[in-house]
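Have a look at the structure below before the remarks.
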Amino acid sequence: MKKTVFFGALAVAGLSAAAAAAGTLDDVKARGTLNCGVTTGLVGFAAPDANGVWEGFDVGVCRAVAAAVLGDATAVEFIPTTGKTRFTALASGEIDMLARNTTWTFSRDVDLKFEFVGINYYDGQGFLAPKALGVTSAKDLDGATVCVQTGTTTELNLADFFRSNNISYEPVPIETNAEGQQQYLAGACDTYTTDASGLAATRATFENPGDHVLLPEIISKEPLGPLVRHGDNDWGDVVRWTLNALITAEELGVTSANIEELAAAPTNNPEINRLLGTAGELGGMLGLEPNWAMMAIKAGGNYGELFEKNIGENTPIGLARGLNAMWTEGGLIYSPPFR
């Protein structure tokens, strides 16, 4: 088993290095389309609507990058990936970036040779159970069957939690969130475990969401964010600073409603001017147009707008900002300065 894991990691790392050497920024510009890896479908984060148009919080990051690089937020090919296929797709060059509820961990960063460019959602693993099961804590799940996605940190966290609490469980392996939802509702497992945000998104699609409860335990740290291949630093800078542009825009009060007015002429705020390209040469440093960040923000709004539109408290997902509030509001969302 150890040899299989070791050589598998080497294979992914080798693919990653080869693909990165090609220069993704130039490839995307030449192709005229961004290939963005997303989940196979998680409402609120990444899922096609009734017309087949992809929407969601992670989708918004992909569209912002496309707008920054190509000037067109619709110039994105969304590539669905599972927990097992996502890293191979990125390493091989099939996708240019991955934005699908992926946790930043040591081994993924160092061993698999990927570059996490930031965190767009601070999460933690939880448990969803039917109210009829009568449990009020994950520690009451001794002997339970648990639906869990393979190829994820969720599997490892689950094992750690049950071991540390000296209780047992029977895993029910699943490949996708859709399969997990189907199995859970069919009664194939007593509880479904994944990131708490994913559980909230899944429960929101149920016919009777009130019949299911999120148990209070959060058993892990799950910093989620977009990632690219190691060694392709120019492309990594583009994706990193596009995410930072969305965050900084919220902090500075730059929104989809006022951005055109703010970009029409320099304001009395130097950082807004640098962000929107009316002062400085930040776009040129990235190999992009001066208005790259403006285009990224216009694509779907600033970080807060993307959050509230797709997963916020006024959506069926109903997530409070919590740790994902701006640092000025007691949260952890924070961008380095644009200067």
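Just so you know, residue 1 is the first one in the sequence shown, and it goes up from there.
With hydrogens and angles ignored, the 3.5 Å screen pairs no side-chain donor or acceptor of R274 with any backbone N or O of G280. No side-chain donor-acceptor contact under 3.5 Å links T152 to the backbone of G83. The backbone N or O of P266 lies less than 3.5 Å from no partner atom in the side chain of N273, so there is not a single donor-acceptor pair. Between the side chain of T154 and the main chain of V148, no donor-acceptor pair closer than 3.5 Å is present. Formation of a donor-acceptor pair under 3.5 Å by the E179 side chain with backbone atoms of I174 is not found in this model. Put simply, the side chain of T85 never gets that close to the backbone of T81: no donor and acceptor are under 3.5 Å apart. Not one N or O on the side chain of D123 forms a donor-acceptor pair closer than 3.5 Å with the backbone of P223. In terms of modelled atom types and a separation under 3.5 Å, the side chain of R240 and the main chain of G118 share no donor-acceptor contact. In terms of modelled atom types and a separation under 3.5 Å, the side chain of E250 and the main chain of L246 share no donor-acceptor contact. Using a distance-only test at 3.5 Å, with no hydrogens or angles considered, a donor-acceptor pair links the side chain of D190 to the main chain of T145.
Using modelled atom types and a 3.5 Å distance limit, the side chains of T102 and R86 yield a donor-acceptor pair. Judged purely by distance below 3.5 Å, without hydrogens or angles, the side chains of W235 and D96 never pair a donor atom with an acceptor atom. With 3.5 Å as the limit, one finds no donor-acceptor pair spanning the side chains of T82 and T40. Q181 and T205 share a side-chain donor-acceptor pair at under 3.5 Å. With hydrogens and angles left out, the side-chain atoms of N302 and S256 include no donor and acceptor closer than 3.5 Å. Between the side chains of T194 and Q125, no donor-acceptor pair is found at a separation under 3.5 Å. A donor and an acceptor atom, one from each side chain of N120 and D58, are located under 3.5 Å apart. The closest side-chain donor-acceptor pair between D72 and T74 falls under 3.5 angstrom. For the residue pair E77 / T33, no side-chain donor-acceptor distance below 3.5 Å is found, with atom types taken as modelled. S137 and E217 are linked by a side-chain donor-acceptor pair at a separation below 3.5 angstrom, with hydrogens and angles left out of the test. Judged purely by distance below 3.5 Å, without hydrogens or angles, the side chains of S220 and E222 pair a donor atom with an acceptor atom. Residues N310 and T315 bring no donor and acceptor atom of their side chains to less than 3.5 Å of each other.
Side-chain atoms of V59 and F45, non-hydrogen and from C-beta on, never get closer than 4.5 Å to each other. Between Q149 and T176 the shortest side-chain heavy-atom distance does not fall below 4.5 Å. Side-chain contact between L275 and I297: present, with at least one pair of heavy atoms (C-beta onward) separated by less than 4.5 Å. A heavy-atom distance below 4.5 Å is found between the side chains of T153 and R108. No side-chain heavy atom of L227 sits under 4.5 Å from any side-chain heavy atom of V117. Within the 4.5 Å cutoff, the side chain of F106 has no heavy atoms near those of the D111 side chain.
Open room surrounds NZ on K131; 12 or fewer heavy atoms of other groups in view lie less than 6.0 Å from it. By the 6.0 Å contact criterion, CD on E271 is enclosed, its count of non-hydrogen atoms from other residues, nucleotides or ligands being greater than 12. Other residues, nucleotides and ligands contribute over 12 non-hydrogen atoms within 6.0 Å of the CG atom of N258. By the neighbour-count criterion of 12 heavy atoms within 6.0 Å, atom CG of D49 is densely surrounded, having more than that number from other residues, nucleotides or ligands.
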Given side-chain hydrogen bond (donor to acceptor under 3.5 Å, both in side chains), test T39 with N177 step by step and report yes or no. CA-CA 9 Å; T39 184; N177 185 67; over 6 Å; no
Worksheet item: After noting the C-alpha distance and the side-chain angles of V69 and W292, does the key distance pass the side-chain contact (heavy atoms from CB on, under 4.5 Å) rule?
Response: CA-CA 7 Å; V69 176; W292 67 278; over 6 Å; no
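Aromatic ring centres of H230 and F114: separated by at least 6.0 Å. Aromatic rings of Y303 and F57 (six-membered ring for Trp) have centroids within the 6.0 Å cut-off, being under it.
Y184 and Y192 have tilted rings, their planes meeting at an angle from 30° to 60° on a 0 to 90° scale. Note on ring orientation: taking the six-membered ring where Trp is involved, the planes of F161 and F127 are tilted (angle from 30° to 60°).
Hydrophobic clustering of Ile, Leu, Val, Met, Phe, Trp and Tyr side chains at less than 4.5 Å, counting indirect connections, unites V146 with V135. I272 and M326 fall within a single hydrophobic cluster, where Ile, Leu, Val, Met, Phe, Trp and Tyr side chains are chained together by heavy-atom contacts under 4.5 Å. Cluster membership check: V228 does not share its hydrophobic cluster with V110, using side-chain heavy-atom separations under 4.5 Å among Ile, Leu, Val, Met, Phe, Trp and Tyr. In this structure, I317 is not a member of the same hydrophobic cluster as I218, with clusters built from ILVMFWY side-chain heavy atoms closer than 4.5 Å. Both L332 and I247 sit in one connected hydrophobic cluster of ILVMFWY residues. Membership requires side-chain heavy atoms under 4.5 Å apart, directly or through other members.
Between E175 and K84, at least one side-chain nitrogen of the basic residue sits less than 4.0 Å from a carboxylate oxygen of the acidic one, meeting the salt-bridge criterion. K298 and E260 are joined by a salt bridge, as a carboxylate oxygen and a charged side-chain nitrogen come within less than 4.0 angstrom of each other.
A pairwise comparison of heavy atoms in A99 and C36 identifies CB-SG, 4.2 Å as the closest pair.
Interatomic distance, I79 CD1 to N35 CG, rounded to the nearest 0.5 Å: 5.0 Å.
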